[in-house]
Amino acid sequence: MSFKSTALETLPHQFIDAEKVFNLRDVGGWDAADGKKVRTGRVFRSDNLGMVTEADVDLLVNRLGVRHVIDLRRAEEWDIAGRFPETAGVEFHHFELMHVRWEAIGREYPEGADVVPFLRQRYTGMFESGYLSVRDSLDVIASGEPVLFHCMAGKDRTGLVAAALLSVLGVDEADIAADYALSNVGIARWRAWRDANLGKPAAESGLTTPAEAMAETIAEMKERFGSMRDYVTATGFDRSEALREQLLH
């Protein structure tokens with residue numbers, strides 16, 4: 001049984017409907033520096049691609065034109081959730097975004113307002129420990145060919161790469177936080193599919209993306225590096241101008 005939103009027309013315009021990819025969306029469309037906009041149809045973000053159907057692969061490869069898939073997860077996660085299948089015309093990149101596993105920290109996932117400082121602490125640490133993944137992902141995106149990058153839920157590791165990319169492109173911080181927060185919609189869509197196909201769990205795991213978490217993350221990164229663009233430079237990425245030429249219009 002595949003999942004189709006009963007109110008697809010109410011989805012934010014960034015979302016692209018698929019059968020078994022629930023947080024798939026276009027990173028483009030945001031206002032950028034100097035009155036420009038981020039091109040659509042060039043860079044996509046999503047949750048896990050391990051359950052893709054033939055129709056989903058057709059959507060990604062033939063309709064959206066994706067030529068690069070970047071998986072930010074640990075390889076062992078493929079054993080649990082699968083990975084994007086080998087597909088002609090698509091280059092697969094494994095850029096694990098290194099970080100201390102959240103489950104090893106010894107803290108329960110917080111609820112309510114406490115989730116914002118928790119996520120800020122995790123994200124700023126991940127930006128530093130996972131800098132090579134950020135650098136390498138941006139380098140592939142700068143090639144100019146359509147790219148999709150993803151992790152498991154498409155919110156944390158994926159959200160960090162998206163934030164770095166949009167920062168380089170000159171997107172306003174509030175819009176970067178808004179892009180991050182859209183994952184709440186994708187998570188709700190995945191939960192609806194899960195409940196209908198696998199059954200609703202007795203206890204719900206903490207998955208949420210409050211815009212404030214990304215806003216505070218960016219603020220702390222500015223304290224550490226001066227700006228998000230300075231952070232990206234510090235990763236060793238040196239193709240920011242090419243990235244802007246490719247993705248702004």
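Please read these numbers as outputs of a predicted model, since none were measured by experiment. Heavy atoms only: backbone and side chains are in, while hydrogens, waters and symmetry mates are out.
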Check this for me: does any side-chain nitrogen of one of [X] and [Y] sit under 4.0 Å from a carboxylate oxygen of the other?
| X | Y | result |
| --- | --- | --- |
| E145 | R67 | no |
| K222 | D230 | no |
| E77 | R83 | no |
| D56 | K20 | no |

Check residues 90-100 and write down every donor-acceptor pair under 3.5 Å in which the side-chain atom is one partner and the other belongs to a residue at least two apart or another chain.
unit_1	atom_1	unit_2	atom_2	d
H93	NE2	H68	ND1	2.9
H94	NE2	R73	O	2.7
H99	ND1	L97	O	2.8

Looking at F15, I'd like to know if the NZ or CZ of R25 sits under 6.0 Å from its six-membered ring centre while staying within 45 degrees of the ring's axis. yes
With a 6.0 Å cut-off (strictly less than), is the heavy-atom count around CG of N62, excluding the residue itself, greater than 12? yes
Using only heavy-atom distances, determine whether the side chains of [X] and [Y] contain a donor-acceptor pair under 3.5 Å.
| X | Y | result |
| --- | --- | --- |
| D26 | T40 | no |
| W30 | D172 | no |
| S46 | N23 | no |
| R224 | T124 | yes |
| R122 | T217 | no |

Going by the rule side chain to side chain contact (heavy atoms under 4.5 Å, CB included), which residues pair with P210 if we only count those two or more places apart in sequence or in a different chain? V115, V116, L119, Y180, T208, E212, A213
Taking side chain to side chain contact (heavy atoms under 4.5 Å, CB included) as the test, write out the residues that go with A88, two or more places apart. none
What class does the angle between the rings of W193 and F22 fall in, given that below 30° is parallel, 30 to 60° is tilted and above 60° is perpendicular? tilted
For the side-chain hydrogen bond (donor to acceptor under 3.5 Å, both in side chains) test, which of D17, N184, D47 pairs with R189? D17
Within the 4.5 Å heavy-atom criterion, are Q246 and S143 side-chain neighbours or not? no
With heavy-atom distances below 4.5 Å as the criterion, would you say the side chains of L24 and L59 are in contact? yes
